[in-house]
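What follows is a single structure, written as structure tokens, with notes after it.
Since the model is a prediction, treat every value here as computed from it, not as a measurement.
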Amino acid sequence: MNKNQIFIKSGTEYKKITKELLTASNLAELIGDRNKMVGIKPNLVSPSDPSEGGTTHPEIVAGILEYLKENGFQNMMILEGSWVGDRTADAFEVCGYRSLCENYDVKFYDTQKDKSYVKDCSGLELKICESVKKVDFLINVPVMKGHCQTKITCALKNMKGLIPNTEKRHFHAMGLHKPIAHLNTGIHQDFIVVDNICGDLDFEDGGNPVVMNRIWTAMDPVLVDACVCKQLHYEVEEVPYVKMAAELGVGCADISKADIQILGEAAEHHIAERRKVVDVADAVEEVESCSACYGYLIPALDMLKQEGLFEKLHEKICIGQGYRGKTGELGVGHCTRNFRCHVEGCPPTETQIYEYLKAYIEQYS
């Protein structure tokens, strides 16, 4: 497999398909030394079942582990940290990773509980979790999804699970795109297995899965994300961190260079251009908000829209760290605690936001 190749296979036997893709990609050859510590980084953003479209399907990781063991690799670890507001330990259970680790005798590192170190990432100093240092070869297993702040999330953004919660908050204060790009110069992902089974193309934590039943393998995270942009009807320039990462030398953002190999029968999928997040985002004034807080707000607004209540909301909703210490009318999250009306929590849940805003609309509309 070379840097520009992307292998894709469709089907529903996810473990079997994963092993076939890894064989076609010559992963064992790419890793080389059987004594290397191979790290596997899934996406366990929140405690939601993989069928909801937010988290990496454990059968894909099972396929990776079986392939590695069958090819003589014995040193494997899984490492991940959920987003701010949820505990990795809960996602570990709900997403099926406890039984996975027990069945394959693999250690799981919860990076939310990890110590961190500071690394110069191409001119930007960032905190990275200590467990990353244990890894000799990193396999990234992101979910192809939409994101309510960055439009898409896949290979590059999945590295955020390898930084402490304090740094995750800092990323949002910096505007997400720049630190995501720089982080990928500090953490090198050697191989990528994309979960394109049923990712939610609107919300990062799932809830609106779009079934596609595909798995990809690749080596270039920038090229992967550029292809995801195309799949979801975005220009690469509309997702700044992809182009920034390319400029920093992480990979290639030129989709014309992608050598896409379809294994077996090609499955065609029509992906709608319209996104639920677009329909409600104009009601929000967001300044440096964390993914969890914003990620729970948008589905709550969509619920109000489905009930015909959203159109009755005439006040802009403020959210984000940029509102700390400021006053206003209507806010979401602890950062807006000085507002006249606000939903408390860091972050408040989707249900809490929905119920508060519904009551607010009914009282003031």
Evaluate whether atom [atom1] of [X] has more than 12 neighbouring non-hydrogen atoms of other residues, nucleotides or ligands under 6.0 angstrom away.
X	atom1	answer
Glu247	CD	yes
Lys19	NZ	yes
Asp105	CG	no
Lys178	NZ	no
Lys316	NZ	yes
Lys3	NZ	yes
Glu265	CD	no

Exercise. Checking salt bridge (Lys or Arg N to Asp or Glu O under 4.0 Å) against Glu204, which of Lys151, Lys160, Lys157 comes through?
Worked result: Lys157
[X] with [Y], same ILVMFWY side-chain cluster at under 4.5 Å:
X	Y	answer
Val242	Val224	yes
Ile6	Ile60	no
Phe137	Met77	no
Tyr294	Phe310	yes
Ile192	Ile64	no

To the nearest 0.5 Å, how far apart are [atom1] in [X] and [atom2] in [Y]?
X	Y	atom1	atom2	result
Asp202	Cys148	CG	SG	9.5 Å
Ser10	Ile197	OG	CD1	11.0 Å
Asp136	Lys133	CG	NZ	14.0 Å
Leu263	Trp216	CG	CH2	13.5 Å

If you define the side chain from C-beta out and look only at heavy atoms, does anything of [X] sit under 4.5 Å from [Y]?
X	Y	value
Leu22	Val193	yes
Leu100	Phe108	no
Ile31	Leu68	yes
Asp190	Leu30	no
Leu357	Ile317	yes
Tyr364	Glu315	no
His182	Met174	no
Lys119	Val132	no

Exercise. Would Glu93 and Arg98 count as a salt bridge (charged side-chain N to carboxylate O under 4.0 Å, His left out) if you check the C-alpha gap in whole Å, the side-chain angles of each, and the deciding distance to 0.1 Å?
Worked result: CA-CA 6 Å; Glu93 294 282 354; Arg98 176 176 293 282; 2.3 Å; yes
For this session: Apply the test side chain to side chain contact (heavy atoms under 4.5 Å, CB included) to residues Tyr241 and Ile152: give CA-CA distance (whole Å), side-chain angles for both, the deciding distance (0.1 Å), then the verdict.
Result: CA-CA 10 Å; Tyr241 70 77; Ile152 68 113; 3.6 Å; yes
For this session: Let me see the working for Asp90 and Arg87 under salt bridge (charged side-chain N to carboxylate O under 4.0 Å, His left out), right down to the final yes or no.
Result: CA-CA 5 Å; Asp90 294 334; Arg87 297 192 318 144; 2.8 Å; yes
Would the distance check show the side chain of [X] and the main-chain N or O of [Y] forming a donor-acceptor pair, the cut-off being under 3.5 Å?
X	Y	result
Thr153	Lys145	no
Asp205	Gly54	no
His233	Ile271	yes
Glu80	Leu44	yes
Lys41	Asn158	yes
Glu52	Gly206	no
His172	Ser289	yes
Gln5	Gln261	no
Ser116	Ile128	no
Arg169	Thr166	no

Exercise. Do the side-chain N and O atoms of Glu66 and Thr18 include a donor-acceptor pair separated by under 3.5 angstrom?
Worked result: no
Exercise. Is it the case that Asp110 and Thr88 place a side-chain donor and acceptor less than 3.5 Å from each other?
Worked result: yes
Problem set entry | Tyr109 vs Glu130, side-chain hydrogen bond (donor to acceptor under 3.5 Å, both in side chains): CA-CA, chis, key distance, verdict | CA-CA 10 Å; Tyr109 286 81; Glu130 287 277 2; over 6 Å; no
Exercise. Can you list the steps and then say if Glu329 with Cys341 is a side chain to side chain contact (heavy atoms under 4.5 Å, CB included)?
Worked result: CA-CA 6 Å; Glu329 169 61 20; Cys341 299; 4.1 Å; yes
Exercise. Between Leu309 and Leu313, does a side chain to side chain contact (heavy atoms under 4.5 Å, CB included) hold up when you go through it step by step?
Worked result: CA-CA 7 Å; Leu309 294 172; Leu313 180 63; over 6 Å; no
For this session: Give the intermediate values and the outcome of side chain to side chain contact (heavy atoms under 4.5 Å, CB included) for residues Asn75 and Val38.
Result: CA-CA 6 Å; Asn75 301 320; Val38 180; over 6 Å; no
For this session: Begin with the C-alpha distance, continue with both residues' side-chain angles, and end with the deciding distance and a verdict on salt bridge (charged side-chain N to carboxylate O under 4.0 Å, His left out) for Lys305 and Glu311.
Result: CA-CA 7 Å; Lys305 186 175 180 65; Glu311 290 72 15; 3.3 Å; yes
Problem set entry | Test applied, side-chain contact (heavy atoms from CB on, under 4.5 Å); reference residue, Phe73; option that passes from Glu70, Lys69, Met76 | Met76
